[in-house]
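Since the structure is predicted, the reported quantities are computational estimates derived from the model, not experimental observations. Just so it is clear, the values below take in all heavy atoms, side chains as well, and ignore hydrogens, waters and symmetry mates. Quick note on labels: first sequence line is chain A, next is B, and so on, each numbered from 1.
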Amino acid sequence: MTLLPTHPNFKSHFTELLSRALNTFSNADLGINIEFARPKQASHGDYSCNLAMQLAKPLRQDPRTIATLLINAMPASPYLEKIEVAGAGFINLFLTISTKQQFPRIVLEERKEFGCSNFGTGKKIQVEFVSANPTGPLHVGHGRGAAFGASLANVLAATGFSVTREYYVNDAGRQMDILAVSTWLRYLELNDLAILFPTNAYQGEYVRNMAELIYKAHGNHYVRQHDLLTGDIASVRIKGEEDSEALLDQLIADTKNLLGEDYTYFHNFVLTEQLGDCRNDLMEFGVVFDTWFPEQALFEDGAVAHVIKLLEQKDYLYQKDGARWFRSSDFGDEKDRVVQRENGQFTYFASDIAYHLNKFQRGFVRIINVWGADHHGYILRVKGALQALALDSSKLEIVLVQFAVLYRDGVKAPMSTRSGEFVTLRELRQEVGNDAARFFYLLRKNDQHLDFDLDLAKSQHNDNPVYYVQYAHARVCSVLEQWGENLSILATADTAVLTSTVELSLLRKLIDYPEIVDAAARELSPHLITFYLKELAGEFHSYYNSTRFLVPEIPLRLARLSLIASIRQVLVNGLTLLGVSAPDKM
RNA sequence: GCCUUGGUAGCUCAGUGGAUAGAGCGACCCCCUCCUAAGGGGUAGGUCGCAAGUUCGAUUCUUGCCCAGGGCGCCA
């Protein structure tokens with residue numbers, strides 16, 4: 001038996017063998033990718049390759065003949081029991097049983113490292129996600145971005161990338177001004193001043209709470225009397241003002257004038273308050289960032305002005321209707337986009353360009369933005385701006401996450417930001433728990449709409465997938481505790497007695513895990529981990545019911561315990577990537 | 001109208017250029033003297049939206065059509 005020093009990468013190993021076989025063909029260089037699949041059916045082997053069928057046409061030969069030639073030309077592998085030609089010309093590879101039986105040991109030796117790889121070769125990569133405006137509590141849509149981004153970053157880190165997790169803080173724009181003004185208006189209310197409160201200002205209860213904090217700390221210090229905001233003129237302005245957004249802009253300008261220096265206090269107060277709340281919320285959710293990148297910095301250090309100047313010099317900007325436009329239609333966008341408004345203010349797009357230039361300057365090899373699906377119209381303009389700056393826009397990968405819709409008692413939960421009527425992430429976490437929330441968010445592909453079933457997430461039944469997986473872990477813990485001996489001897493257990501169908505299937509499942517992590521990283525699809533864990537837990541539960549572990553025969557007992565201990569390790573590793581806990585008892 | 005994502009079992013959804021298309025739930029029938037029944041086993045259930053094309057081979061890729069969700073601002 002060949003003792004495996006560590007977990008071999010079977011796919012690359014076999015690719016190497018087959019490509020050497022292929023090279024013995026005189027006309028071998030056909031640019032065909034050698035790929036291995038894992039057949040669904042055990043009788044089709046552990047790995048399957050369709051190379052011969054792909055070669056059939058260019059070589060003008062029968063695929064089964066080519067397959068036979070390839071097999072004969074393949075160097076021997078210590079891992080292989082046999083190689084077969086099957087079906088229309090598949091090359092099916094069968095691992096030796098002893099190779100498979102070494103996996104419990106490998107898992108127990110590598111522990112947390114099992115499933116990790118050096119696929120990323122330490123390349124600097126950035127994952128930017130959530131990046132919600134700090135203008136109110138995070139809602140369940142942000143929660144999905146948070147769960148997805150955090151797990152994606154974990155997966156990329158596990159596969160050898162040097163990952164920076166970043167949150168871009170929109171602390172400079174108009175929305176922050178609206179929040180500051182909204183808070184000031186609520187503050188005036190607390191001082192018994194009759195004022196207008198525009199319908200498109202922030203309506204949420206948290207705005208009143210902030211106003212109250214300021215009122216308690218500073219009394220009427222920030223009260224300003226002005227007929228712009230009270231009495232007849234205010235109502236006239238509301239009635240007469242058709243464009244409510246323009247009214248808000250005016251209100252912001254008025255407030256800045258009235259408060260002068262004190263406006264900064266309001267702005268900073270609401271920013272600090274909301275950002276702190278957001279940070280806590282995410283931290284409790286198990287989502288942490290390496291960098292919180294403030295938009296304000298891009299204005300303060302002149303990066304925005306600089307990038308606008310660059311684009312200007314390259315003739316990608318022009319004036320129209322008093323505003324300044326970027327020629328994004330030159331890059332496939334359906335129309336040009338404003339970078340500087342008529343009132344002189346830069347749009348978010350302007351600072352976004354500066355921000356992305358900054359990302360490139362920081363030397364990331366790959367830049368991944370996780371955006372809500374509603375931003376998909378932004379992709380072309382941002383990439384266009386990068387191209388205009390002569391940067392390689394393919395370094396920027398944008399992953400869109402669709403919205404999540406909550407269902408309670410089979411009925412859609414209301415979701416309207418404008419009215420302030422929405423379920424916050426914090427409420428969701430309190431209702432279903434962090435684990436269920438993290439797991440449920442990754443129950444669907446990112447580009448799929450997610451129906452989040454609150455009742456299911458809360459239920460403690462076998463149909464709740466998060467409990468199903470965690471329960472498998474708890475069951476292993478329980479068995480090992482009853483066994484009560486030192487776990488370290490399991491790594492050296494003789495597993496040659498693991499030969500039943502379910503045991504072989506479980507061994508194969510262990511072998512799958514690193515390939516699943518690898519695929520999740522390549523495809524930026526952490527949900528693959530979720531599906532894998534459900535399957536692994538399912539096979540384990542089946543094993544548990546069919547087979548007794550604590551049997552009298554010691555070698556058999558140790559072998560089975562070794563297997564379930566390694567399953568436990570893989571469950572822990574996978575759950576860790578998802579940010580879900582693995583409780584010992586349930 | 002344009003962009004985008006979907007349409008796979010009664011429901012919710014995986015999956016894949018290949019071999020007999022999978023899982024969970026629901027339905028029906030079983031399994032605790034036994035390591036946690038928050039579990040397991042079994043039965044039934046399919047024109048992979050429709051049509052053409054590419055291919056040795058298409059549920060998968062292309063195009064068209066039908067249906068559904070989402071997005072299309074000098075908002076972010």
Worksheet item: Between B:C25 atom C1' and A:Lys534 atom NZ, what is the distance in whole Å?
Response: 10 Å
Discussion item. Please name the nucleotide paired to B:G1 by Watson-Crick or G-U wobble geometry with both distances under 3.5 Å, or report none.
Written reply: B:C72
Worksheet item: Looking across every strand, which nucleic acid part, if any, lies under 4.0 Å from A:Ser542 by heavy atom: base, sugar-phosphate, or nothing?
Response: sugar-phosphate
Discussion item. Applying a 4.0 Å non-hydrogen cut-off, can you work out what A:Ala474 is touching in the nucleic acid: base, sugar-phosphate, or nothing?
Written reply: base
Worksheet entry | Ring centres under 6.0 angstrom apart (A:His541, A:Tyr468) | yes
Response to the item:
Between A:Gln340 and A:Asp584, the residue closer to the 5' end of RNA chain B by nearest nucleotide is A:Asp584
Worksheet item: Paired with B:U62 by Watson-Crick or G-U wobble geometry, both distances under 3.5 Å: which nucleotide is it?
Response: B:A52
Practice prompt. Kindly indicate whether the side chain of A:Phe331, heavy atoms from C-beta on, has any atom under 4.5 Å from the side chain of A:Tyr316.
Written response: yes
Practice prompt. Remember a base hit wins even if backbone is also touched, and classify A:Asp336 as base, sugar-phosphate or nothing at under 4.0 Å, heavy atoms.
Written response: nothing
Practice prompt. To the nearest Å, give me how far apart CD (A:Glu539) and P (B:G40) are.
Written response: 12 Å
Worksheet item: Which nucleotide in the list B:G40, B:A19, B:C56 gets nearest to the side chain of A:Asn545?
Response: B:G40
Worksheet item: Considering only the C1' atoms, how many Å lie between B:G10 and B:G26, rounded to the nearest integer?
Response: 8 Å
Item to complete: Select base, sugar-phosphate, or nothing to describe what A:Gln482 touches, counting heavy atoms under 4.0 Å on all strands.
Response: sugar-phosphate
Item to complete: For B:U59 and B:U20, measure between their P atoms and round to the nearest Å.
Response: 13 Å
Discussion item. In whole Å, measure the gap between the C1' atoms of B:A19 and B:A58 for me.
Written reply: 14 Å
Practice prompt. Using only side-chain N and O atoms of A:Tyr467, determine if any of them is under 4.0 Å from OP1 or OP2 of B:A37.
Written response: no
Discussion item. For a quick check of understanding: with a heavy-atom distance under 4.0 Å over all strands, which category does A:Ser43 fall into, base, sugar-phosphate or nothing?
Written reply: nothing
Worksheet item: In Å, rounded to the nearest 0.5 Å, how long is the span from CD1 of A:Ile379 to CD of A:Glu397?
Response: 12.0 Å
Enumerate donor-acceptor pairs with a distance under 3.5 Å from any side-chain N or O in residues 446-453 of chain A to protein atoms, sequence neighbours excluded.
unit_1	atom_1	unit_2	atom_2	d
A:Asn446	ND2	A:Leu400	O	2.9
A:Asp453	OD1	A:Asp455	N	3.1
A:Asp453	OD1	A:Leu456	N	3.0

Worksheet entry | P gap between B:G53 and B:U12, integer Å | 33 Å
Worksheet entry | Atom P, compared across B:G24 and B:U43: separation rounded to whole Å | 12 Å
Discussion item. I'd like to check, for A:Phe90, whether its ring lies over the base of B:A19 with centroids under 5.5 Å apart and a plane angle smaller than 30°.
Written reply: yes
Worksheet item: Which of the following nucleotides, B:A38, B:U5, B:C74, is nearest to the side chain of A:Met586?
Response: B:A38
Response to the item:
Of B:G40, B:C74, B:C3, the nucleotide closest to the side chain of A:His376 is B:C3
Item to complete: May I ask you to verify if any side-chain N or O of A:Arg337 is less than 4.0 angstrom from the OP1 or OP2 atom of B:G73?
Response: no
Worksheet item: Which part of the nucleic acid, if any, lies within reach of A:Asn50 when heavy atoms closer than 4.0 Å are counted: base, sugar-phosphate only, or nothing?
Response: base
Fill in: Integer-rounded Å distance: B:U5 C1' and A:Ile398 CD1
16 Å
Item to complete: Can you tell me the distance, in whole Å, between the CG atom of A:Leu380 and the P atom of B:C2?
Response: 16 Å
Worksheet item: Within this structure, what is the CD-to-C1' distance between A:Gln54 and B:C56, rounded to whole angstrom?
Response: 11 Å
Worksheet entry | C1'-based separation of B:C28 from B:G69 [nearest Å] | 35 Å
Practice prompt. Tell me what A:Ala56 touches on the nucleic acid: a base, only sugar-phosphate, or nothing, going by heavy atoms under 4.0 Å.
Written response: nothing
Worksheet item: With both distances under 3.5 angstrom, what nucleotide forms a Watson-Crick or G-U wobble pair with B:G10?
Response: B:C25
Fill in: Basic-acidic side-chain contact under 4.0 Å: A:Glu503, A:Lys509
no
Response to the item:
With syn meaning chi within 90° of zero and anything else anti, the base of B:C32 is syn
Worksheet item: In whole angstrom, what separates A:Asn446's CG from B:G6's P?
Response: 10 Å
Worksheet item: Would the A:Tyr47 and A:Phe94 ring centres measure less than 6.0 Å apart?
Response: no
Discussion item. By the 4.0 Å heavy-atom rule, please label A:Asp333 as base, sugar-phosphate, or nothing.
Written reply: nothing
Worksheet item: When you compare B:G22 with B:G45, how far apart are their C1' atoms, in angstrom units rounded to a whole number?
Response: 14 Å
Discussion item. Classify the ring geometry of A:Trp325 against A:Tyr318: parallel below 30°, tilted from 30° to 60°, perpendicular beyond 60°.
Written reply: parallel
Discussion item. Can you classify the ring geometry of A:Phe549 versus A:Tyr543 as parallel (below 30°), tilted (30 to 60°) or perpendicular (above 60°)?
Written reply: tilted
Worksheet item: Could you give all pairs that pass the salt bridge (charged side-chain N to carboxylate O under 4.0 Å, His left out) test and reach residues 55-69 of chain A, with sequence neighbours left out?
Response: none
Worksheet item: When rounded to the nearest Å, what value does the distance between C1' atoms of B:U62 and B:C74 take?
Response: 40 Å
Worksheet item: So do the side chains of A:Leu93 and A:Asp46 get within less than 4.5 Å of each other, counting heavy atoms only?
Response: no
Discussion item. Within the 4.0 Å heavy-atom criterion, would you say A:Ser48 contacts the bases, only the backbone, or no part of the nucleic acid?
Written reply: base
Discussion item. Whole angstroms only, please: what is the CZ-P distance between A:Phe349 and B:C74?
Written reply: 12 Å
Worksheet item: Where each residue is assigned the nucleotide of RNA chain B containing its nearest heavy atom, which of A:Ala537 and A:Pro39 is assigned the position nearer the 5′ end?
Response: A:Pro39
Worksheet item: Roughly how many Å is it from CZ in A:Phe540 to P in B:A23, rounded to a whole number?
Response: 20 Å
Tabulated below should be each protein N or O lying under 3.5 Å from an N or O of nucleotides 13-15 of chain B; please produce it.
unit_1	atom_1	unit_2	atom_2	d
B:C13	OP1	A:Asp451	OD2	3.2
B:C13	O5'	A:Arg444	NE	3.3
B:C13	O2'	A:Arg444	NH1	3.3
B:A14	OP2	A:Gln448	NE2	3.0
B:G15	OP1	A:His527	NE2	3.2
B:G15	OP2	A:Lys445	NZ	3.3

